[in-house]
Amino acid sequence: MDKTVQYLTDVSPYPSRELIEILFPTTVESIVDTFKKFVAENPVSPGKKTIVIIDAIVSNPGVKFLWKELVAICKQARNGVVDYANYFNVSSGKLFWRYQQPSLFTTAKALKFRRWLGGEEKISAYFHDLAVKGGKRLAEIFNTEVMDPDGSFTWNMVNVELQGLDGVGPSSTISRRSTEKLLREHNAYSVSFYHNGRWWTRCSVQIWNELDDFEKIGLIWLQVIKEVLHELIPEKRRDLVGYSTTSDFYRDL
């Protein structure tokens, strides 16, 4: 969507583009107040339209966005477009994909399977409950915190700060090596990302997951981070010659 909007600003009639940056952790009240202020400071010009694009679900961080509240504000200004496609894709697509590929299931069979599990409400409730409990368990293992402590932005995904990367800036090397170790050496994976000055991992709950899966991935992450940092700081450079702080070294990786 971002690329599409950028393209539209480059062609006639060359509409302007404004972006509201939201950093987590945050609160529902803070986002609503920020959005209200933005709308008030950017009134619709006579004869023109303002289009507001809001994702219902954000991938990194993995959060359920409060689109209904923001759409209500848009309606007061009589402008707004909501990206529903991402909402439906994330809520149901993964379960369909997992069972279609190995067995060539049809959509009808996938829906039948979901009904057998207890229906959409039961599935969503299980996803949310496990995401909240799993996030808390991960935070205990890492001795860090969950990005969304009260669950306001949590649906089927949970974000937890990773341990051992305090003060470490964004690094493609750390991301690449961590991913390689997770997949090749441990046959496990949860995405990692840098946001608002910290490193996080996002765990997406699937129907076959249980709480002990969070414990397993948590212990694996502790080992992977230790190994990656050991590799990136060889014995001959442990004193970090030429760098004022460890963080400066990491940012140059």
Side-chain angles (χ1 to χ4, degrees), residues 20-36 53-74 82-96 98 114 117-163 165-166 188-222:
I20 303 176
E21 183 179 39
I22 298 175
L23 298 175
F24 291 86
T26 187
T27 63
V28 170
E29 293 75 16
S30 177
I31 293 176
V32 169
D33 290 344
T34 298
F35 192 71
K36 283 183 177 179
I53 303 175
I54 305 170
D55 275 329
I57 296 177
V58 184
S59 57
N60 285 328
V63 297
K64 174 186 67 174
F65 206 58
L66 56 158
W67 62 273
K68 292 182 180 180
E69 292 87 339
L70 302 190
V71 168
I73 297 173
C74 289
V82 180
D83 171 19
Y84 286 101
N86 194 38
Y87 176 84
F88 289 110
N89 179 58
V90 174
S91 65
S92 61
K94 288 187 177 180
L95 185 58
F96 285 172
R98 290 286 186 177
R114 291 171 75 90
L117 289 171
E120 301 305 313
E121 290 187 6
K122 188 171 183 179
I123 292 172
S124 293
Y126 179 77
F127 284 168
H128 177 74
D129 182 65
L130 184 55
V132 172
K133 292 179 179 178
K136 291 180 179 179
R137 184 69 186 106
L138 264 184
E140 292 173 356
I141 293 173
F142 294 154
N143 192 28
T144 57
E145 65 176 2
V146 179
M147 182 179 287
D148 179 31
D150 64 4
S152 299
F153 301 98
T154 301
W155 192 9
N156 305 340
M157 300 179 285
V158 64
N159 310 278
V160 182
E161 183 182 3
L162 288 167
Q163 184 192 79
L165 295 172
D166 301 14
Y189 181 73
S190 67
V191 69
S192 62
F193 60 95
Y194 185 82
H195 176 78
N196 198 16
R198 288 185 277 178
W199 283 88
W200 308 81
T201 184
R202 185 202 73 203
C203 293
S204 302
V205 175
Q206 303 298 323
I207 198 63
W208 52 82
N209 287 135
E210 296 177 339
L211 186 60
D212 64 351
D213 290 317
F214 283 86
E215 296 174 348
K216 292 175 182 176
I217 194 65
L219 295 176
I220 290 172
W221 261 115
L222 290 179

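- To the nearest 0.5 Å, atom CD1 of residue Ile123 and atom CG of residue Asn156 are 10.0 Å apart.
- Summarising the geometry of Leu130 relative to Asn209, their closest heavy-atom pair is CD2-O, 3.3 Å, with the distance given to 0.1 Å.
- Note that OG of Ser124 and CZ of Arg114 are 7.0 Å apart. Values are rounded to the nearest 0.5 Å.
- The side-chain heavy atoms of Lys216 and Asp212, taken from C-beta on, include a pair separated by under 4.5 Å.
- Rounding to the nearest 0.5 Å gives a distance of 9.0 Å between CD of Glu215 and CG of Asp213.
- Between Tyr126 and Leu117, the closest side-chain pair of non-hydrogen atoms is not below 4.5 Å.
- Between Ile217 and Cys203 the shortest heavy-atom distance is CG2-SG, 4.4 Å.
- When side chains are defined from C-beta on, Val191 counts as touching Asn60, because their heavy atoms get closer than 4.5 Å.
- Taking every heavy atom of both residues into account, Glu21 and Leu23 meet most closely at OE2-CD2, 3.9 Å.
- Taking NZ from Lys64 and CG from Asp148, the interatomic distance works out to 8.5 Å, rounded to the nearest 0.5 Å.
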Distance-only criterion, 3.5 Å: show the donor-acceptor pairs between side-chain atoms of residues 138-146 and protein atoms not counting sequence neighbours.
residue : atom : partner : partner atom : Å
Glu140  : OE1  : Arg137  : NH1          : 3.1
Thr144  : OG1  : Glu161  : O            : 2.6
Glu145  : OE2  : Arg198  : NH1          : 2.6
Glu145  : OE2  : Arg198  : NH2          : 3.2

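- For the pair Arg202 (side chain) and Ser59 (backbone), a donor-acceptor distance under 3.5 Å is present.
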One pair to check against side-chain contact (heavy atoms from CB on, under 4.5 Å): Ile54 and Cys74. What are the steps and the verdict?
CA-CA 10 Å; Ile54 305 170; Cys74 289; 4.3 Å; yes
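- The two residues Met147 and Pro25 have their closest heavy-atom pair at O-CB, 3.4 Å.
- Trp200 is not listed as a side-chain neighbour of Pro61, based on a closest heavy-atom distance of 4.5 Å or more.
- In terms of the ring pair (Phe, Tyr, Trp, His ring centres under 6.0 Å) criterion, residue partners of Trp199 (sequence neighbours excluded) are, by chain and number, Tyr194.
- Within the 4.5 Å cutoff, side-chain heavy atoms of Val205 are placed close to those of Phe214.
- Rounded to the nearest 0.5 angstrom, Thr34 OG1 and Ile20 CD1 are separated by 7.5 Å.
- Note that OG of Ser204 is 10.0 Å distant from CZ of Phe127, once rounded to the nearest 0.5 Å.
- Taking all atoms of both residues into account, the shortest heavy-atom contact from Gly135 to Val158 is CA-CG2, 3.7 Å.
- Under the rule for a ring pair (Phe, Tyr, Trp, His ring centres under 6.0 Å), the partners of Phe153 that lie at least two apart in sequence or sit in another chain are Phe24.
- In plain terms, the two heavy atoms of Gly151 and His128 that are nearest each other are O-CE1, 4.2 Å.
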